[in-house]
Amino acid sequence: MQGMQMEVLIPLLGIFFGGLTLLVPVVGITARIALKPMMDAFARYREVRGDVEMVHLLERRVALMEEQLHNIERSVGQLVEDSEFRRQLESGEPRLQPPAA
């Protein structure tokens, strides 16, 4: 009985492994064809998400720069008022109020 099982088992294993040698490349090619569009879509999604984050970062930087510009403009305005006040003091022109701080 043992010899008969081996006689049947050896051709079955040969057919099985022979089929696997053809099946593995076919499955690999099929998986590549099926997964490539999904991986491309995922890569585009990550790229777009990175662009959105970059836009938010740039918006934040521009807002900070605008705030600094307003602070500089306010400081320059105060300096102009102070210099005008000093010029009037030195010239002897009457002025009712000093510039607002």
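Computed over heavy atoms, backbone and side chain alike; hydrogens, waters and symmetry mates excluded. Just so you know, residue 1 is the first one in the sequence shown, and it goes up from there.
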Taking a hydrophobic cluster as the set of Ile, Leu, Val, Met, Phe, Trp and Tyr residues connected by side-chain heavy atoms closer than 4.5 Å, whether directly or through intermediates, do I72 and L64 fall within one such cluster? no
Check whether any side-chain heavy atom of L20 lies under 4.5 Å from a side-chain heavy atom of F16, and answer yes or no. yes
Kindly indicate whether the side chain of R46, heavy atoms from C-beta on, has any atom under 4.5 Å from the side chain of F42. yes
Listed by chain and number, what are the salt bridge (Lys or Arg N to Asp or Glu O under 4.0 Å) partners of D40, not counting sequence neighbours? K36
Please examine the side chains of H56 and E53, heavy atoms only from C-beta on, and report whether any two atoms are closer than 4.5 Å. no
Closer than 4.0 angstrom, basic N to acidic O: yes or no for R87 and E84? yes
Which of these passes side chain to side chain donor-acceptor pair (under 3.5 Å) with N71: Q68, E67, R74, E73? R74
When T30 is tested against each of V27, I33, V26 for side-chain contact (heavy atoms from CB on, under 4.5 Å), which residue passes? V26
